[in-house]
Amino acid sequence: MQIYGEYDVVIAGGGTAGVTAAIASARAGANTLLVERLGALGGQLNISGPPGFAYAHFFNQRGEQIIGGFMAETHNRLLKEGHALPHLRPEWRGSYSFSYIDPDWWGLMVFEMMTENNVNLLLHSLAVDVLKYGDAVRGLIVENTSGRQLILSKVLID
């Protein structure tokens, strides 16, 4: 089996949680690789779900913003670029809020953020197994057009 490389952190899955983990890892200084089976990033946010669903519930019942971090950063960025609407909090929904974004622009923005934060990408690659040493996971085995490859890692996030 060919060794693809060695990284501090490897993330299996490029959905909303995976891209967030990859960016946070890279911002903390770790040599990070994100592995995704598709050629796109974002999962339910821009591939299969309703646009902006991940931005629901930004506010509590008192109207206070309770979600920040990566989601607030990305919404603010899209809003500034004209690819999102301001947070909607209609009274008839009670505490439920919904913030519409353009999912295609979100997907492009996430690729830009990967580049800005030096996240390495391995797309069109399916995670099929792990490499274990005793009880510790030391790598990820993927399959893609290059065959079966081993990616060594200090930390694996699935």
Side-chain angles (χ1 to χ4, degrees), residues 4-128 140-146 149 151 153-158:
Y4 179 81
E6 187 171 349
Y7 298 87
D8 297 325
V9 178
V10 173
I11 294 108
T16 50
V19 299
T20 305
I23 290 171
S25 170
R27 286 179 177 173
N31 183 15
T32 304
L33 174 69
L34 177 63
V35 178
E36 169 55 41
R37 69 181 176 90
L38 301 175
L41 300 175
Q44 65 86 25
L45 187 64
N46 71 327
I47 296 170
S48 64
F53 183 74
Y55 293 98
H57 300 288
F58 250 77
F59 302 89
N60 65 17
Q61 292 177 336
R62 293 183 298 277
E64 302 163 331
Q65 185 171 337
I66 57 173
I67 293 179
F70 182 76
M71 295 312 291
E73 177 185 347
T74 56
H75 185 268
N76 290 338
R77 187 168 169 162
L78 288 170
L79 185 62
K80 181 180 176 183
E81 295 173 357
H83 305 300
L85 294 176
H87 298 296
L88 302 174
R89 294 182 299 175
E91 289 182 25
W92 58 271
R93 281 197 170 158
S95 64
Y96 182 74
S97 62
F98 202 86
S99 301
Y100 291 99
I101 56 112
D102 184 317
D104 293 325
W105 281 102
W106 193 92
L108 293 171
M109 176 194 62
V110 167
F111 273 102
E112 289 174 359
M113 293 178 82
M114 294 293 149
T115 301
E116 293 165 4
N117 291 283
N118 299 314
V119 174
N120 299 287
L121 296 175
L122 181 59
L123 304 176
H124 300 289
S125 297
L126 182 64
V128 296
L140 179 67
I141 299 170
V142 300
E143 291 181 356
N144 54 37
T145 57
S146 296
Q149 297 176 311
I151 303 165
S153 65
K154 296 176 185 171
V155 174
L156 176 64
I157 299 172
D158 180 18

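Taking CG of Leu38 as the start and CG of Leu126 as the end, the distance is 10.0 Å to the nearest 0.5 Å. Summarising the geometry, atom CD1 belonging to Ile151 is positioned 5.0 Å from atom CG belonging to Leu122; distances are rounded to the nearest 0.5 Å. Arg37 CZ to Ser125 OG: the interatomic distance, rounded to the nearest 0.5 Å, is 12.0 Å.
Between Ile11 and Ala22 the shortest heavy-atom distance is CD1-CA, 3.5 Å. The nearest pair of heavy atoms linking Ile157 to Ala21 is CD1-CB, 4.4 Å. Across all their heavy atoms, Val35 and Leu33 have their closest contact at CG2-CD2, 3.9 Å. Here the closest heavy-atom approach between residue Gly14 and residue Glu36 is recorded as N-OE1, 2.6 Å. In terms of heavy atoms, Val9 sits closest to Ala30 at CG2-CB, 3.9 Å. A pairwise comparison of heavy atoms in Gly18 and Leu34 identifies O-CD1, 4.0 Å as the closest pair.
A side-chain donor-acceptor contact under 3.5 Å links Asn46 to the backbone of Leu41.
Tyr7 places a side-chain heavy atom less than 4.5 Å from the side chain of Asn120. Between Thr16 and Trp106, the closest side-chain pair of non-hydrogen atoms falls below 4.5 Å. Residues Gln149 and Asn144 meet the side-chain proximity criterion, which asks for heavy atoms closer than 4.5 Å.
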Using atom types as modelled, flag every donor-acceptor pair under 3.5 Å from a side chain in residues 108-116 to any protein atom, sequence neighbours excluded.
unit_1	atom_1	unit_2	atom_2	d
Glu112	OE1	Arg77	NH2	3.3
Thr115	OG1	Phe111	O	3.3
Glu116	OE1	Arg77	NH1	3.1
Glu116	OE2	Arg77	NH2	2.7

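Note on ring orientation: taking the six-membered ring where Trp is involved, the planes of His87 and Phe59 are perpendicular (angle over 60°, cut-offs 30° and 60°).
Among the candidates Thr32, Asn117, Asn31, the single residue satisfying the side-chain hydrogen bond (donor to acceptor under 3.5 Å, both in side chains) test with Ser25 is Thr32.
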Review point. What's the verdict on side-chain contact (heavy atoms from CB on, under 4.5 Å) for Phe70 and Ile23, showing C-alpha distance, side-chain angles and the deciding distance?
Key: CA-CA 9 Å; Phe70 182 76; Ile23 290 171; 3.6 Å; yes

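Every residue meeting the side chain to side chain contact (heavy atoms under 4.5 Å, CB included) condition with Ala84, not counting sequence neighbours, appears here in chain and number order: His75, Leu78, Leu79, Ile101.
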